[in-house]
Amino acid sequence: MSDTQTPIRLGMAKPVIGEREEELVREVLRSGVLSLGPMLDRFEREFGEWLGAPHCSAVSSGTAGLHLAVRACGIKPGDEVLTSPLSFVASSNVIVYEGATPVFADIDRETLNIDPQEAAAVVSDRTAGLLPVHIFGYPAAMNDLEALARDHDLWIVEDACEAIGGAHADGPRIGARGHFAVFGFYPNKQIATGEGGMVACPDAEAKALIDSERNQGRAPNMGWLDHERLGFNYRLTDVAAALGVAQLERLDEMLAQRARAAAWYDERITAIDGVSPPCPDRDGDRRGWFVYVVQLPAGADRDGVIARLDAEGIASKPYMPVIHLQPYYRERFGYAPGDFPIAEDIAERSLALPFYPQIEEADVERVAVSLARSLA
Ligand SMILES: *Cc1c(COP(=O)(O)O)cnc(C)c1O
């Protein structure tokens with residue numbers, strides 16, 4: 001790095017938007033059908049084909065999708081739903097929206113996903129469902145969670161918002177196991193539509209329910225001012241759907257670019273004393289690369305590291321914090337530090353580094369060199 005030239009700043013994430021996006025967005029704009037049009041159907045159909053789950057319903061965000069999915073499972077006030085404390089707050093908030101109680105279970109130290117044994121230990125007679133999160137794109141232990149669900153008659157909603165492109169050892173892509181599974185399309189996600197989400201539904205009937213609730217409770221052939229159930233405005237615009245269709249055409253390529261960037265990082269991060277890379281794929285499970293999160297050594301000054309990286313033009317984030325220690329959760333449910341020690345330890349030491357399909361090997365090298373220096 002030359003001293004005289006300021007290097008380009010490396011941000012956390014960057015969507016890849018090209019001519020195809022412009023072309024399809026223009027097609028929607030010229031059609032004049034900006035909502036509930038053919039581009040929406042096309043995005044749902046093509047996403048479902050890619051995923052291997054044919055009944056997909058596009059919604060306005062991942063959060064909206066999770067909300068509709070737990071409702072479709074019949075969540076009710078007083079229910080308990082088992083979920084992971086190491087997640088984006090939305091996975092737990094949707095449980096609270098419906099007057100139910102999120103019950104956290106600590107995570108597996110390697111995969112960072114909910115530990116099925118910890119989950120089994122907190123099942124009660126009020127437990128109604130499981131809401132596993134495939135955090136950082138790594139597949140949750142679905143076989144064990146499905147066994148737990150069978151034993152206790154629980155529904156399952158999968159938060160796959162970080163996990164496009166991941167797959168389970170027994171075959172299916174993450175989100176294609178026949179449960180409700182929800183994806184997100186915020187600009188940092190593997191598919192970026194600005195705002196947006198997709199609900200993979202177990203069957204056509206479930207999709208019809210999601211389609212109705214996202215559209216103010218209208219039935220398919222009802223008038224605009226007729227509503228057969230309580231609904232929401234959780235529609236995805238056709239403009240956003242156009243972005244989704246374009247991104248989907250390049251998805252496999254973009255996922256391969258993310259995996260390549262992760263391999264560049266792995267090589268360099270493992271060489272830094274005390275810093276751990278994300279866990280490698282194991283037992284046939286495959287990560288869908290979303291973020292690159294390292295674990296700093298215990299006792300490292302993470303804020304100092306972030307400041308030093310920032311001074312060298314490199315963004316990094318303390319990603320991600322645990323949900324149960326967010327102010328609202330502490331106050332409402334009485335959680336305190338020490339409740340989920342593994343998740344808390346991981347959250348305190350996690351650092352997300354710049355990561356997106358078009359990051360170059362030289363950029364990754366620069367980040368690794370700066371990180372090593374900032375810890376020395
Ligand atoms: C991104 C994300 C969501 C959904 O976020 P939206 O901004 O509502 O699309 C949900 N859960 C997790 C774990 C996420 O990372």
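Being a predicted model, the structure only gives us computed values, none of them experimental. Remember, it's 1-based here, ligands and their atoms both numbered in the order they're listed.
- Ion pairing between Glu312 and Arg9 fails under the 4.0 Å rule for side-chain N and carboxylate O.
- Evaluated for a ring-ring contact (aromatic ring centres under 6.0 Å, His included) with Tyr292, the options Phe136, Trp264, Tyr265 yield exactly one hit, Tyr265.
- The aromatic rings of Phe185 and Phe47 sit perpendicular to each other, their planes meeting at more than 60°, with 30° as the lower class boundary.
- Taking the six-membered ring wherever Trp is involved, the centroid distance between the rings of Tyr97 and His67 falls below 6.0 Å.
- Of the charged side-chain nitrogens involved, none lies within less than 4.0 Å of a carboxylate oxygen, so that Asp41 and Arg45 do not count as a salt-bridged pair.
- Each of Tyr186 and Ile17 belongs to its own hydrophobic cluster when Ile, Leu, Val, Met, Phe, Trp and Tyr are linked at side-chain heavy-atom distances under 4.5 angstrom.
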Table of N or O contacts for ligand 1, cutoff 3.5 Å:
from     : atom 1 : to     : atom 2 : distance (Å)
ligand 1 : 8 (O)  : Gly62  : N      : 3.4
ligand 1 : 8 (O)  : Thr63  : N      : 2.9
ligand 1 : 8 (O)  : Thr63  : OG1    : 2.4
ligand 1 : 9 (O)  : Gly62  : N      : 2.8
ligand 1 : 11 (N) : Asp159 : OD1    : 3.4
ligand 1 : 11 (N) : Asp159 : OD2    : 2.7
ligand 1 : 15 (O) : Glu162 : OE2    : 2.7
ligand 1 : 15 (O) : Lys189 : NZ     : 3.2

